[in-house]
Amino acid sequence: MQFLILAAGKPALNYAREGVELYLSRLKPFGKAELKLVKDGNSRDVSERLLTASEGCLRIAMDERGELWTTDKLVTLARNWQMRSVRRIAFLIGASDGHTEELRSRCNHVLALSKFTLQHELALVVLLEQLYRCHTILAGTPYHR
Ligand SMILES: C[S@@+](CC[C@H](N)C(=O)[O-])C[C@H]1O[C@@H](n2cnc3c(N)ncnc32)[C@H](O)[C@@H]1O
């Protein structure tokens with residue numbers, strides 16, 4: 001099982017760049033997460049690129065309109081994906097104007113990190129921290145409290 005995180009454009013804000021680097025480096029030893037950046041643009045173009053880049057993956061649209069999960073629920077789902085040999089799970093983060101309705105309808109899940117609208121680079125950092133937390137729980141390492 002591998003997590004593929006898809007976002008539009010390189011993080012431009014300093015704190016986001018640092019956060020992304022930090023959690024990607026922490027995720028590296030698990031060897032199960034990859035960040036891919038698609039070209040930025042308007043909602044329709046970015047949504048198309050995100051769908052193309054996630055062909056063949058179980059897709060999760062990151063969106064404030066989605067379901068709120070606990071970390072435990074993410075871990076339970078991750079165990080389930082492992083058991084079912086789901087190979088790639090893609091998390092799709094939209095650009096400034098968000099996802100199209102079509103993208104949301106073509107995803108297996110629509111997941112909210114909170115009901116607040118977050119700046120997309122902040123959403124990326126929060127998602128990476130949760131994926132790192134999820135891997136530490138699956139591996140039984142002491143990060144999780
Ligand atoms: C600035 S937001 C887009 C807001 C846009 N007005 C909309 O209607 O979706 C950019 C991206 O950040 C992510 N994002 C922002 N807030 C989020 C939240 N609460 N939960 C999950 N993802 C979020 C989503 O992927 C979203 O497409």
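All figures in this text were calculated on a predicted structure; none of them were measured in a lab. Indexing begins at 1, ligand by ligand and atom by atom, following the structure's order.
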Under a heavy-atom criterion of less than 4.0 Å, does Leu124 contact ligand 1? no
Contact partition for Ser96 relative to ligand 1, non-hydrogen atoms under 4.0 Å: backbone
Using the rule side-chain hydrogen bond (donor to acceptor under 3.5 Å, both in side chains), only one of Arg104, His109, His99 pairs with Asp63; which is it? Arg104
Which of the ligand 1 atoms, numbered from 1, are nearer than 4.0 Å to a heavy atom of His120: 10 (C), 11 (C), 12 (O)
Please indicate whether any nitrogen or oxygen in Ile93 is less than 3.5 Å from any nitrogen or oxygen in ligand 1. no
Hey, which atoms in ligand 1 end up nearer than 4.0 Å to a heavy atom of Ala112? 20 (N), 21 (C)
Within the structure, is a non-hydrogen atom of Ala95 found at a distance of less than 4.0 Å from ligand 1? yes
In Å, rounded to the nearest 0.5 Å, how long is the span from CG of Leu118 to CE of Met62? 9.0 Å
Assert yes or no for the condition that the ring centre distance of Phe3 to His135 is strictly below 6.0 Å. yes
For atom 14 (N) of ligand 1, which protein heavy atom lies nearest, and how many Å away is it? Ala123 CB, 3.8 Å
Determine all donor-acceptor pairs shorter than 3.5 Å in which one atom belongs to a side chain in residues 32-46; sequence neighbours excluded.
| residue | atom | partner | partner atom | Å |
| --- | --- | --- | --- | --- |
| Asn42 | OD1 | Arg44 | N | 3.2 |
| Asn42 | OD1 | Asp45 | N | 2.8 |
| Ser43 | OG | Gly98 | O | 2.8 |

Would one find an N or O of Thr117, backbone or side chain, under 3.5 Å from an N or O of ligand 1? no
From the candidates Arg65, Met62, Glu64, Glu121, the one that places a heavy atom nearest atom 8 (O) of ligand 1: Arg65
Short N/O distance, under 3.5 Å, between Leu118 and ligand 1? yes
What do you reckon, does Asp97 have a nitrogen or oxygen under 3.5 Å from a nitrogen or oxygen of ligand 1? no
With heavy-atom distances below 4.0 Å as the criterion, list the atoms of ligand 1 near Leu111. 21 (C)
Test your reading of the structure: does Leu113 have an N or O sitting under 3.5 Å from an N or O of ligand 1? yes
Distance from Ile60 atom CD1 to Ser54 atom OG, nearest 0.5 Å? 11.0 Å
Heavy atoms from other residues, nucleotides or ligands near NZ of Lys28 exceed 12 (cutoff 6.0 Å): no
What's the verdict on salt bridge (charged side-chain N to carboxylate O under 4.0 Å, His left out) for Arg133 and Glu129, showing C-alpha distance, side-chain angles and the deciding distance? CA-CA 6 Å; Arg133 186 173 290 274; Glu129 194 276 340; 3.0 Å; yes
Please answer: with hydrophobic residues joined when any side-chain heavy atoms are less than 4.5 Å apart, are Trp69 and Met1 in the same cluster? yes
Tell me if the CZ atom of Arg17 is crowded by more than 12 foreign heavy atoms within 6.0 Å. yes
For Gly94, is at least one N or O under 3.5 Å away from an N or O on ligand 1? yes
